Amino acid sequence: MSSAAERFAELHRSGAPLLLPNPWDVGTARLFASLGFSALATTSSGHAATLGRLDGRVSRDEALQHAAAIVAATPLPVSADLENGFGHEPADVAETVKLAVGVGLAGCSIEDYSQDPAAPFYPAELAAERVAAAAEAAHAGPQRLVLTARAENHIRDHRHLGDTIARLQSFQEAGADVLYAPGLSDREQIRQVVEAVDRPVNVLVTPGCPPVAELAELGVARVSIGGTFNLVGLAAVADAAMEFLDEGTYGFLGRAAGGRGVRDAAFAYHTD
């Protein structure tokens, strides 16, 4: 593996999970690095929001350019959310991962969500073939990536744990390095997933999700935020703007002062 991928892989420890924040631009990447996080991951929804779009509306070229900017922003290893690989066939996914290798990433994720409302999930066999193609591309050369394979059932309102586990097991057999079923929040279901596979498991923070200490006890190896921090920021800005617009008052100035201190500490040593 490349040094970045090696460092990223080593941070995945069952029982001592990697806390993985998801920046949406260079500024938030540097902010999270300054706060002491050990690695970063892009967020497709957060990136789309910076362009005034909803999730799933970003092209492959835009996603890779964004990932390159996040990689260049800090020395930390970065994993990229590459959605469904920006194509349906295994060859499409392999090409996307090959391009991702050249960006300097430490890892990437590929999901089994097709974006087709009539058939939102790839058939299990095709989903595994897509992961196998991604794994071959991620592991083929001297610059390797840590491949995360995502089973999207639960976050897309198809809460079938048996199918989720079967898909994650097939992704493991196909060569994935990390397994991820976003939307899982039930402690017992998370335990079953961790015990059913032999790869590090990532859990996404969602309402009802156990705290990090409990996830560690369950053997989770990585905990990520997805687009949540971006949404927190949007909500805070909207609240301040509506106070200004509706009330004509400035209660947000106190929070702005705190933001100024955070900004100055995070960006003090960057002149680009």
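Residue indices begin at 1 and follow the sequence shown. Source: prediction; values computed, not measured.
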Verdict with reasoning, Asp177 to Arg199, per side-chain contact (heavy atoms from CB on, under 4.5 Å): CA-CA 6 Å; Asp177 302 300; Arg199 296 288 186 274; 5.6 Å; no

Test side-chain contact (heavy atoms from CB on, under 4.5 Å) applied to Asp92 and Phe86, step by step: CA-CA 7 Å; Asp92 300 326; Phe86 301 98; over 6 Å; no

Could you walk me through whether Glu83 and Arg57 satisfy the salt bridge (Lys or Arg N to Asp or Glu O under 4.0 Å) test, starting with their C-alpha distance in whole Å, then the side-chain angles of each, then the deciding distance to 0.1 Å, before giving a yes or no? CA-CA 10 Å; Glu83 303 186 51; Arg57 302 295 191 272; over 6 Å; no

Evaluate side-chain contact (heavy atoms from CB on, under 4.5 Å) for Asp112 paired with Arg130, printing each intermediate quantity in order. CA-CA 8 Å; Asp112 62 357; Arg130 286 163 40 82; 5.7 Å; no

Apply side-chain hydrogen bond (donor to acceptor under 3.5 Å, both in side chains) to Ser44 and Asp81, showing your working. CA-CA 6 Å; Ser44 62; Asp81 178 352; 3.0 Å; yes

If you apply the rule side-chain contact (heavy atoms from CB on, under 4.5 Å), what do you find for Leu40 with Phe32, and how did you get there? CA-CA 8 Å; Leu40 306 171; Phe32 294 146; 3.8 Å; yes

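Atom OG1 of residue Thr43 and atom CG of residue Asp25 lie 11.5 Å apart, to the nearest 0.5 angstrom. Atom CD1 of Ile190 and atom SG of Cys209 lie 5.0 Å apart (nearest 0.5 Å). One finds the CZ atom of Phe37 at 6.5 Å from the CG atom of Leu19 (value rounded to the nearest 0.5 Å). In this structure, the separation between NE2 on His88 and CG on Asp116 is 7.0 Å, given to the nearest 0.5 Å. Arg156 CZ to Glu111 CD: the interatomic distance, rounded to the nearest 0.5 Å, is 5.5 Å. The distance from the CG atom of Asp239 to the CG atom of Leu234 is 11.0 Å, given to the nearest 0.5 Å.
For His139 against Gly175, the heavy-atom pair with the smallest separation is CE1-O, 3.2 Å. Considering every non-hydrogen atom in both Ser34 and Ala266, the closest pair reads OG-CB, 3.5 Å. The nearest pair of heavy atoms linking Thr42 to Ala80 is OG1-CA, 3.3 Å. Summarising the geometry of Asn202 relative to Ser224, their closest heavy-atom pair is ND2-OG, 3.0 Å, with the distance given to 0.1 Å. When all heavy atoms are compared, the tightest approach of Asn153 to Asp163 is ND2-OD2, 2.8 Å. Val97 and Ala138 make their closest contact through CG1-N, 3.6 Å (heavy atoms, listed as atom of the first residue, atom of the second, distance).
Annotation: side-chain hydrogen bond (donor to acceptor under 3.5 Å, both in side chains) contacts involving residues 246-264, sequence neighbours excluded, comprise Glu243-Thr249. Among residue pairs with one or both ends in residues 93-107, those qualifying as side-chain hydrogen bond (donor to acceptor under 3.5 Å, both in side chains) are Arg60-Thr96; sequence neighbours excluded.
Side chains of Val194 and Val220 form a contact here, defined as non-hydrogen atoms less than 4.5 Å apart. Using a 4.5 Å cut-off on side-chain heavy atoms (C-beta onward), Leu147 and Val131 make contact. Residues Thr28 and Asn22 are not in side-chain contact: their nearest non-hydrogen atoms beyond the backbone lie 4.5 Å or more apart. When side chains are defined from C-beta on, Pro120 does not count as touching His158, because their heavy atoms never get closer than 4.5 Å.
With hydrogens and angles disregarded, a donor-acceptor distance shorter than 3.5 Å links the side chain of Gln169 to the backbone of Ala196. The main-chain N or O of Ala73 is found under 3.5 Å from a side-chain atom of Arg30 such that the two form a donor-acceptor pair. Put simply, the side chain of Arg13 never gets that close to the backbone of Pro17: no donor and acceptor are under 3.5 Å apart.
One hydrophobic cluster, built from ILVMFWY side chains closer than 4.5 Å, cannot hold both Leu51 and Leu231; they sit in different ones. Side-chain heavy atoms closer than 4.5 Å link hydrophobic residues (I, L, V, M, F, W, Y) into clusters, and following such links, even through other members, never connects Leu204 to Val197. Under the 4.5 Å side-chain heavy-atom criterion for ILVMFWY residues, a single connected hydrophobic cluster contains both Leu31 and Ile225. Residues Tyr180 and Val78 are members of separate hydrophobic clusters, defined by side-chain heavy-atom contacts under 4.5 angstrom among Ile, Leu, Val, Met, Phe, Trp and Tyr. By the rule that hydrophobic residues join a cluster once side-chain heavy atoms approach within less than 4.5 Å of another member, Phe121 and Val193 end up as members of separate clusters.
There is a side-chain donor-acceptor pair under 3.5 Å between Glu62 and Ser59. In the model, Ser38 has no side-chain atom that pairs as donor or acceptor with a side-chain atom of Arg7 under 3.5 Å. Under 3.5 Å, the side chains of Arg159 and His154 contain no donor-acceptor pair of N or O atoms.
By the 6.0 Å contact criterion, CG on Leu54 is open, its count of non-hydrogen atoms from other residues, nucleotides or ligands being 12 or less. With a 6.0 Å radius and a threshold of 12 heavy atoms from other residues, nucleotides or ligands, Glu188 has its CD atom above the threshold.
Under a 4.0 Å N-O distance rule, the pair Arg191/Glu217 does not qualify as a salt bridge.
With ring centers used as reference points, Tyr122 lies 6.0 Å or more from Tyr113.
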Please report, to 0.1 Å, the donor-acceptor pairs under 3.5 Å made by any side chain of residues 63-70, with sequence neighbours excluded.
none

Listing, residues 99-110 side-chain donor-acceptor contacts under 3.5 Å, not counting sequence neighbours, or none:
none

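Glu10 meets the salt bridge (charged side-chain N to carboxylate O under 4.0 Å, His left out) test with no other residue; sequence neighbours excluded. Looking at residues two or more places apart in sequence or on another chain, you find a side chain to side chain contact (heavy atoms under 4.5 Å, CB included) between Ala39 and Phe8, Leu11, Leu18, Leu20, Pro77.
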